[in-house]
Amino acid sequence: MARPTSPLAVSADQRAELLGIVAKSTSPQRMVRRCRIILLRAEGIRQEDVAAQLAINRPVVSHWEQRFKNGGV
């Protein structure tokens, strides 16, 4: 049986900042993708599902999740 997925802890301020980056039309697409990874993981979506939804590899999701945990936005 698979382990349950726990959502990534994201504060309200961090969520607002991430959503602001995603909404801004001049944000670099690589930054938007990273923000979307964090936002989807904060909703409790599994790494594999986030990777499939964004058409990237699961290690990329894991990498950016860990970077966010260590350094925030």
Can you give the donor-acceptor pairs under 3.5 Å from side chains of residues 61-73 to other protein atoms, not counting sequence neighbours?
{"residue": "Glu65", "atom": "OE1", "partner": "Arg41", "partner atom": "NE", "Å": "2.8"}
{"residue": "Glu65", "atom": "OE1", "partner": "Gln47", "partner atom": "NE2", "Å": "2.8"}
{"residue": "Glu65", "atom": "OE2", "partner": "Arg41", "partner atom": "NH2", "Å": "3.2"}
{"residue": "Asn70", "atom": "ND2", "partner": "Gln66", "partner atom": "O", "Å": "3.3"}

Side-chain atoms of residues 8-21: list all donor-acceptor pairs with protein atoms under 3.5 Å, sequence neighbours left out, distances to 0.1 Å.
{"residue": "Ser11", "atom": "OG", "partner": "Gln14", "partner atom": "N", "Å": "3.1"}
{"residue": "Ser11", "atom": "OG", "partner": "Gln14", "partner atom": "OE1", "Å": "3.4"}
{"residue": "Gln14", "atom": "OE1", "partner": "Ser11", "partner atom": "N", "Å": "3.0"}

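The CZ atom of Arg33 sits 8.0 Å away from the CG atom of Leu54 when rounded to the nearest 0.5 Å.
When all heavy atoms are compared, the tightest approach of Pro7 to Ala42 is CB-O, 3.4 Å. Here the closest non-hydrogen pair linking Ile37 and Val50 is CA-CG1, 4.2 Å.
Scored by the side chain to side chain donor-acceptor pair (under 3.5 Å) test, Asp49 finds Arg46 as partners (sequence neighbours excluded). The side-chain contact (heavy atoms from CB on, under 4.5 Å) test applied to Pro28 returns Arg30, Met31, not counting sequence neighbours.
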